[in-house]
Amino acid sequence: MQQIPCPWCGPRDDWEFHYGAEAHVARPETPSDKSDEDWMGYLYLRSNTKGPFRERWMHAAGCRRWFNVIRNTVSHEVFAVYKIGETPPPLPGEAPAAPDTTER
Amino acid sequence: MTGMNSPHQTNRITGTHVKGGGRVDRSRPVSFTFDGTSFSGFEGDTLASALLANDVHLIGRSFKYHRPRGLLGLGSEEPNALIQLARGNRTEPNTRATQIELFDGLVAQSQNRWPCLKFDVGAVNQLFHKLFPAGFYYKTFMWPASFWMAYEHVIRHAAGLGKAPEGPDPDRYERMHAHCDILVAGGGPSGLAAALAAARTGARVILADESTEFGGSLLSEDDVEIDGLPAADWVAQVVAELRSMPEVTLLTRSTVNGYYDHNYLTIAERVTDHIGAVVPNVPRQRIWKVRAKRVVLATGTIERPLVFRDNDRPGVMLSSAVRGYAVRYGVLAGQRPLIVTSNDDGYRTALAMHDRGARIACIVDLRTEPDGALVDAARSRGIEIHAGHSLVGSLGRGRVQGAEIARMTGDGTGLNGAVRRVDCDLIAMAGGFNPTVHLFSQSRGKLTWDPERFIFVPGTNHEPQVSVGGCNGDFTVAQAIKDGLQKGVEMAREAGFTGRKPAAPEVSEPKSTAERTLWLLPSTRPVGHKGKHFVDFQNDVTAADLKLATREGYRSIEHVKRYTTTGMATDQGKTSNVNALAIVSETLGVDVTQVGTTTFRPPYTPTTIGAYGGRDIGALFDPVRTTAMDGWHRENGATFEHVGQWMRAWYYPKKGETLRQAVDRECLAARTGVGLLDASTLGKIDVHGPDAAEFLNRIYSNAWLKLGIGRCRYGLMLKDDGMVMDDGVTTRIAEDRFHMTTTTGGAAGVLAWMEEHLQTEWPELKVHLTSVTEQWAVASIVGPKSRDVLAKLNDLDLSNDAFPFMSMREGTVAGIPARVYRISFTGDLAFEVNVPRRYGRALWEAVMAAGAEFDITPYGTEAMHVLRAERGFIIVGQDTDGSVTPSDLGMDWIVSKTKPDFIGKRGMARPDLQDPHRKQLVGLLTEDPNEVLPEGAHVVADLKPQPPMVMLGHVTSSYYSPNVGRSIALAVIKGGHGRHGQTLSVPLVGRSLKVTVCEPVFFDKDGSRKDG
């Protein structure tokens, strides 16, 4: 069983959490502007990353807060945890990213 | 000396031999039965050692050929001696005789034989062995497919090992969660050393070993001294020190059986199995779930069998096991053993047996020029050594009576001399040792092949862990202890402790010289001709099977494994995997590393499902939620149904009433008089904050900003794909507070859904969400007389003008503070009275008393369903399935055209959701008004005598409605809104019904009854 470090409660067993798939997929500000193609992309298309991945978790059996994790989807190594709205830390081996503007 | 009353045990070493004692308690004889015969052993024996003491070698029948089998090993690696333990529902199949501790009254049965062990009808399979080649299942049952049902019955009876109990397990199991700095798996020399070194730094240590006592291989050796002490005494000293440390947990009879992500390990502890009785308040077994900062794997080694002709005959055993039975249990597995060895370790067994009174038949050494201290010691005792010889095959009926040996060619691939017969009653195989890398492999560590020593050793680890001792390829006690001490300290330091490595003790042990590894001992004929060379004893896989698989084109061990089933038995190939791999690679002429390795998976040894279930069984399997009125329902004869975790009253049958009669009565009362429903289970969420109205406006499809205080509104919640997710009535309690209701089953999901949007999409909205489902008890007073009943309990003005439909009033009902909602799920006049949960039953009883003069009728969920269907009110999840839009339901009226956005708006605009041929909600009427359609039945336009037919949709809800006076049904049908009036068909088993499509409203079509 994996151990997920909740930024509010500390490390806990993964069964306490709800997995929220890829992070930083913001709901469009004005959905009516989006083409059917774009809307389908927002609804259904997610990257299926092998390796370090920015993803969302929610501490369902604890503080019920959503947060972001950078985790290797193959090795399950957890590299970083950051709160919603915080600037995402760089992926392992990546230069620091510009401040996150896609998600408030 | 044997105890006064204990019967003679043929093979028990007696006191005339100084070293004959063993670790059993000879003052405490124990009696047990095996296949109905009584035997005697001693406390401290395993079933295996006690059977051997009584010269019982035939212990089971093999899986495929039903060949007679005896003990091979000493511990959890045992593939043959599988036992059905105990009787009745306590029975447990496939337990290893080597791990069953003897207790007085133990009842053991052999397995896989009929009618009895000595004469087994299934053994005719041996005569037909050509019919059971590798890939037997794949080749035999391909055609015709329909015959599989017939084959299967026969195969299931013939195959398989023990028998499962027929009823529930009566024993109690528990789970224990633990955290530690260092978990040490295995309590042999290296594990003890690692635990000691780590514990001395102050780290919290758990040391677990699968055996009854710590010491591992040291308990089976008589030629090792540590710091001048016999090895077992050193073990006792270390264990005593560990026991004195408060942060150390010592677990014996505890198998570390699973190694999962992030250093999460499971330990199966057998708490009372060795006592053989139920101990009050103590579980039979316990599963430990441990999160460890660092793990030390000290799982030791498992000896390799040698592959020669008929190497499965009872009396062919692993050399280290033979030695273990002699030294640890004081049992000679044979009086005239032959030792066949690739190394010096076999000589230790010869010496141990010889010094305890056995007459060694001879040592067959695969090496051409064995030398060294151990060889000299054997020679000095006059033991005959045949160097450069092969063991051609075993001889005997049901038990080893002899062996054929012959000189080998220099390269070890053939014979180079006459075959000689040697009389013996035991063959001890010393084929070298494999590191026990199962847990390392489970934790995703990469194995490395050591081409010098022909073993897999741990390579790159995946988890923060270390392997020490035998499982790391260090086969001497001195190195195991030294390494254990070193790594124990290192792991403790990594876990944040400081300390020095304890000084390594002086170890005196026999020195070993080089071994000679031969994977397949040469025989007089090619493998597969006359006799069998077993590789996997438990699944009956032979060297010939493996070679056949390679001839048929299999190259990867993962494929060979599945095709031949080698390594796929309950022992996961503990004794067979490396032999199989090597034979395959040798046959293919490629390096072992090219054939690949298989992955070990938890559990390391078979573990009772009950232990994993722990206490989460029966009533504790899943929480049951009950309402405040639950007791009343039970006292008044309600039947119940599960709705999610809730128990809801289903209907209240009067004496002699059927379900239909009771539901009809309840439905009629709710329309003509007054009914009472416990509606407490509906999800309730308090939505609070200055932006609460704006938030609801985004979450629901209709408009919420202008809802007046004290007013209620029905809302549909969609997902962003435009599909209906949930529904309910929400009421504005104050400017900044709403009381939301959801479906009973959807409550938790809706709360999570809204929390997610508040936290991740709209964090600027100031809204708090609180689940208040459990805080309110709800009694729904329904029907034309509901106002009269409520008026007796309440001084509110209940007139339509003062208290209109879809509004809420706060006051008291029967003296209880209450919120009364004028909302209705039947279409009739109704009042939902909400009171704090603790008053729920008092409210219910007060309403029942006040309603007595109106013949108030409590009704359950079945009548609730009928009543709502009469009005065509949907139930989300029953009439919808996640692919239904408001438009499909004919509920466009609840979708705002003016709001710029809400969840689901953009999704609904997709062209395919506008298609008029989508499945749409309709009503269905059968020709026969008494015929009730089955829910889920398909609806077709073009009826054919048999499938396939083009399906238009299916029935979602179907009931007999006493108020309409006929059956009614809801269905989703392609293009249904345009089909009103059409006649369609519903094919059923053996018949079909005609149905007429209609509007999904069957009663009170103009909705005029809501005001009473």
Side-chain angles (χ1 to χ4, degrees), chain A residues 1-5 8 10-44 55-61 63-68 71-78 83-86 100 102-104, chain B residues 177 179 258-266 289-293 443-446 460-464 602 698 718-723 748-749 751-765 768-771 899-914:
Chain A
M1 183 171 353
Q2 296 178 60
Q3 198 174 43
I4 304 299
W8 307 95
R12 294 286 188 277
D13 288 350
D14 65 15
W15 68 264
E16 294 187 16
F17 296 83
H18 175 80
Y19 183 62
E22 187 172 14
H24 308 296
V25 180
R27 189 172 185 273
E29 287 281 327
T30 43
S32 55
D33 293 349
K34 296 289 171 191
S35 66
D36 285 337
E37 191 84 355
D38 288 349
W39 190 250
M40 181 193 72
Y42 161 66
L43 284 183
Y44 302 122
E55 60 191 15
R56 305 187 310 157
W57 289 78
M58 190 267 277
H59 197 184
C63 62
R64 295 193 68 81
R65 297 275 205 137
W66 285 88
F67 56 93
N68 297 311
R71 191 183 62 106
N72 187 313
T73 56
V74 180
S75 71
H76 298 172
E77 186 183 353
V78 174
K83 295 171 186 171
I84 295 290
E86 282 182 353
D100 178 28
T102 55
E103 192 175 56
R104 288 156 303 167
Chain B
H177 293 268
H179 292 259
Y259 196 146
Y260 306 87
D261 271 321
H262 297 175
N263 266 356
Y264 189 78
L265 296 95
T266 51
K289 299 190 162 191
V290 181
R291 183 78 70 180
K293 285 197 183 125
S443 72
R444 296 210 265 172
K446 290 263 183 298
T460 319
N461 58 305
H462 182 79
E463 296 287 342
R698 298 182 190 187
L718 313 181
K719 291 214 160 175
D720 241 335
D721 58 6
M723 307 300 175
L751 178 67
W753 167 254
M754 297 199 297
E755 285 176 328
E756 178 181 351
H757 281 81
L758 279 175
Q759 288 181 37
T760 67
E761 298 294 347
W762 308 316
E764 73 279 9
L765 293 185
H768 283 297
L769 303 173
T770 310
S771 169
K899 288 199 290 184
D901 188 26
F902 56 84
I903 302 282
K905 183 180 171 81
R906 177 64 187 86
M908 276 191 291
R910 286 182 295 157
D912 46 330
L913 297 201
Q914 307 295 315

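In what follows, chains are A, B, ... by sequence order, proteins preceding strands, each numbered from 1.
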Shortest non-hydrogen contact from His262(B) toward His76(A): NE2-O, 2.7 Å

Part of Ile903(B) lying under 4.5 Å from any heavy atom of chain A: both

Value rounded to 0.5 Å, distance of OG1 in Thr760(B) from CG in Asn68(A): 9.5 Å

Lys34(A) atom NZ, neighbour heavy-atom count above 12 within 6.0 Å: no

Straight-line distance of Asp36(A) CG to Asp912(B) CG, nearest 0.5 Å: 8.0 Å

CD on Glu463(B) to OG on Ser75(A), rounded to 0.5 Å: 9.0 Å

Residues, nucleotides or ligands: over 12 heavy atoms within 6.0 Å of Lys899(B) NZ: yes

Structural part of Tyr259(B) lying under 4.5 Å from a heavy atom of chain A: neither

Step-by-step side-chain contact (heavy atoms from CB on, under 4.5 Å) determination, Asp721(B) to Met40(A): CA-CA 9 Å; Asp721(B) 58 6; Met40(A) 181 193 72; over 6 Å; no

Stepwise side-chain contact (heavy atoms from CB on, under 4.5 Å) test for Lys289(B) and Asp13(A): CA-CA 11 Å; Lys289(B) 299 190 162 191; Asp13(A) 288 350; over 6 Å; no

Pick from Asp720(B), Thr266(B), Asp901(B) with the largest number of heavy-atom pairs that fall under 4.5 Å of chain A: Asp720(B)

Part of Trp66(A) lying under 4.5 Å from any heavy atom of chain B: both

Polar side-chain atom of Gln759(B) near backbone of Arg64(A) as donor-acceptor pair, under 3.5 Å: yes

Selection from His462(B), Glu756(B), Glu755(B), Arg910(B) maximising heavy-atom pairs under 4.5 Å formed with chain A: Glu756(B)

Approximate separation, where rounding is to 0.5 Å, of Asp14(A) CG and Tyr264(B) OH: 9.0 Å

